[in-house]
Number of protein chains: 2
Amino acid sequence: MEKQTITIYDVAREANVSMATVSRVVNGNPNVKPTTRKKVLEVIDRLDYRPNAVARGLASKKTTTVGVIIPDVTNLYFSSLARGIDDIASMYKYNIILANSDQNDPKEVQVLNTLLAKQVDGIIYMGHKITDELRAEFSRSKTPVVLAGTVDPDEQVGSVNIDYESATEQSVTNLIAAGNERVAFVSGSRMEPINGIYRLNGYKAALEKAHIPFDESLVFEADYSFISGEAIYEKVEEAGATAAFVGDDELAVGLMNGALDRGVQVPEEFEIFTANNSKLTEMVRPKLSTITQPLYDIGAVAMRLLTKLMNKEETDEKTIVLPYNIANRGTTKGE
Amino acid sequence: MEKQTITIYDVAREANVSMATVSRVVNGNPNVKPTTRKKVLEVIDRLDYRPNAVARGLASKKTTTVGVIIPDVTNLYFSSLARGIDDIASMYKYNIILANSDQNDPKEVQVLNTLLAKQVDGIIYMGHKITDELRAEFSRSKTPVVLAGTVDPDEQVGSVNIDYESATEQSVTNLIAAGNERVAFVSGSRMEPINGIYRLNGYKAALEKAHIPFDESLVFEADYSFISGEAIYEKVEEAGATAAFVGDDELAVGLMNGALDRGVQVPEEFEIFTANNSKLTEMVRPKLSTITQPLYDIGAVAMRLLTKLMNKEETDEKTIVLPYNIANRGTTKGE
DNA sequence: CTGTTAGCGCGTTCAC
DNA sequence: GTGAACGCGCTAACAG
């Protein structure tokens, strides 16, 4: 009925030119006489014409849309990355299709497929673990992919991260230097490379340098939620730990609360080092000592890299490692 | 070069049927003989055919994509709503184009326009204030719009909220009942209806019931960030307040930390009531007493409402008000 | 049940 | 500089 959409044709007729010309002015093609350009623009404005991006996408095979796969927008670590992604994306005139994956493997594959069906120009993936099936889908499609804050030992697609291993080693070393001989390692599943490989290796390296034997009973796996952090404190305490390195801020907050709620003083009786520097670390008391990752930048750089890939520009390096720092705040005794 | 896309044609040829038939099986049209359907599906699978959603969108005038305008994904209040939105959206086979607006007026209008250009089937808007220009754009386009956790006194589009006014009144009444005669009102800009009208009215109503005169010097405006919350505590204290009702959780956390960092006991010396019940309220110590809004549900219901609108289904009511509760936790003395 | 035929709105040669 | 014509991949009548 009232599908009163106005098209490029209406503009053309009204301006007494061909649709090709209208298309040219809309796309900023210089081969248009200033006079006609002005006339066309006037009509466009008068008719309030708005180019149909879908038709455009069909004809040009570009949608100026990128897919973003995220485990959970509600997690500050990922939403901070997402913010960086979206800012750079809109700077380059791209839009973001955001899809929560819940780090559920089959759902991820399905989400990826609907994203590809929608002809996104590129994909940014955030997650914990890349299954073989997902990796296969990545390489099968010609759509560029960049991992943000996510590592895949098989470095086939672009990625932006920090050096989790050395950052962890440094954090744990600090904890040991402060006199803690039993430092717990609390993270998400060890099946995830970032935990099971990089962080754990950093942890072990720190122990080794201090000549402390690795003790399996000091390693804990949990969900990335403050609830499970609270629940796990008791076990950490029972294992005789006097400090903990935690792989996720929300988890760290939970762990700290688990201690505080039991009357344990932080950092006097129990020290904590967390890993992501999300704003959560500065909202709790005491403030969490943490590895200071540039979260926003990781997202931003990932998106920037993706634009290059989509543009088939030259890229020096597809595997980008950003610098980090260590911030000793309120949950560690060290200076 | 290797634009080796396989189309519905390839499938049709390979299966010895017409493209119309392929289209039918792809779209689950029942008018296809089981035998041919099976044959087609086999070919689809073999060729790994994936329908082009853009072409589909052009032909059908439906993109199964909805635009979501959000002030900042990094804010837990909004990301919680977003989570509910995305879950219901994917349940109904829709995807979400997420766009951060930074509550910047011109940017919002521009974002809305690119969303419409992309032919989204519907729009969910989250924000603080709807400018006249934006409202005009809303009603000008035939694309359905639903506000989530966002009020517009001019109820032309759909919306899902709680009763902010009575929730605030109840919270403040609690504070007064606990013996606080000077309760501060801390929120975002009063230019935003949710603060300047609903919450403030609720605040005033509570005062009136208690026969306490309204004191302008107890009203504070700030950004929705913990930083400005910390900064504002001093002024709140100077104004002689012994308690505060805060319109945003992050802001409330900041205010509390401002007090704690000065050695002020919460709730013994200063009580706080916040408004959004994001998980932040349970991550800090003491836990924040709060109005318990069903954040996830607000997003979910908003998206559900939008699906009805997009489907032109009957809807009982476009202005939905969800129930809330009051949770007295650690920042109030009341029972 | 299945095939034919128009478009959907726009980008893009290729002549003029 | 500008226009005519074709095609992008698919849906939707309309026949048969």
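- Nucleotide D:dG9 holds its P atom 11 Å from the CD1 atom of B:Ile6, rounded to whole Å.
- We find that CG of A:Asn16 is positioned 12 Å from P of D:dA4, with the value rounded to whole Å.
- Base contact: B:Asn31 has a heavy atom under 4.0 Å from a base atom.
- Take the nearest nucleotide of DNA chain C for A:Asn52 and for B:Thr21: the residue whose nucleotide is more 5' is B:Thr21.
- Of the side-chain N and O atoms in B:Lys61, one or more sit less than 4.0 angstrom from OP1 or OP2 of C:dG9.
- Counting non-hydrogen atoms under 4.0 angstrom, A:Val17 reaches the backbone sugars and phosphates but no base.
- Residue B:Ser18 has a polar side-chain atom (N or O) positioned under 4.0 Å from OP1 or OP2 of C:dG3.
- In this structure, A:Thr36 reaches the D:dT2 phosphate: one of its side-chain N or O atoms is under 4.0 Å from OP1 or OP2.
- The pair B:Asp105-B:Lys129 does not meet the salt-bridge criterion, since no charged nitrogen lies less than 4.0 angstrom from a carboxylate oxygen.
- At the phosphate of C:dC10, OP1 or OP2 sits under 4.0 Å from a side-chain N or O atom of A:Tyr49.
- With hydrogens and angles ignored, a donor-acceptor pair closer than 3.5 Å exists between the side chain of A:Arg24 and the base of D:dG3.
- We find that CZ of B:Arg56 is positioned 22 Å from P of C:dG7, with the value rounded to whole Å.
- To the nearest angstrom, C1' of C:dG9 lies 10 Å from CG of A:Asp10.
- With rounding to whole Å, B:Arg13 atom CZ is found 13 Å from D:dC10 atom P.
- Between B:Tyr9 atom OH and D:dT11 atom C1' there is a gap of 12 Å when expressed in whole angstrom units.
- With D:dT2, D:dC8, C:dT2 as the choices, the nucleotide that has an atom nearest any side-chain atom of A:Leu58 turns out to be D:dC8.
- Contact check on A:Glu137 versus A:Arg140 returns a salt bridge, with a Lys/Arg side-chain nitrogen under 4.0 Å from an Asp/Glu carboxylate oxygen.
- Atom CD1 of A:Ile8 is separated from atom C1' of D:dC6 by 15 Å (rounded to the nearest Å).
- Regarding contacts with the backbone of D:dC10, every side-chain N or O of B:Ser23 stays at 4.0 angstrom or more from both OP1 and OP2.
- Defined by atom type and a distance below 3.5 Å, a donor-acceptor pair is present between the side-chain atoms of B:Arg56 and B:Asn27.
- Judged by closest nucleotide on DNA chain D, A:Val32 is the one of A:Met19 and A:Val32 placed further toward the 5' end.
- Comparing B:Asn29 and B:Ala59 by the nucleotide of DNA chain C that holds the closest heavy atom to each, the one mapping nearer the 5' end is B:Asn29.
- At a threshold of 4.0 Å, the pair A:Lys318-A:Glu155 does not count as salt-bridged, since none of the basic side-chain nitrogens sits closer than that to a carboxylate oxygen.
- Within the model, atoms CG of A:Leu81 and CD1 of A:Ile298 stand 6.0 Å from one another, a figure rounded to the nearest 0.5 Å.
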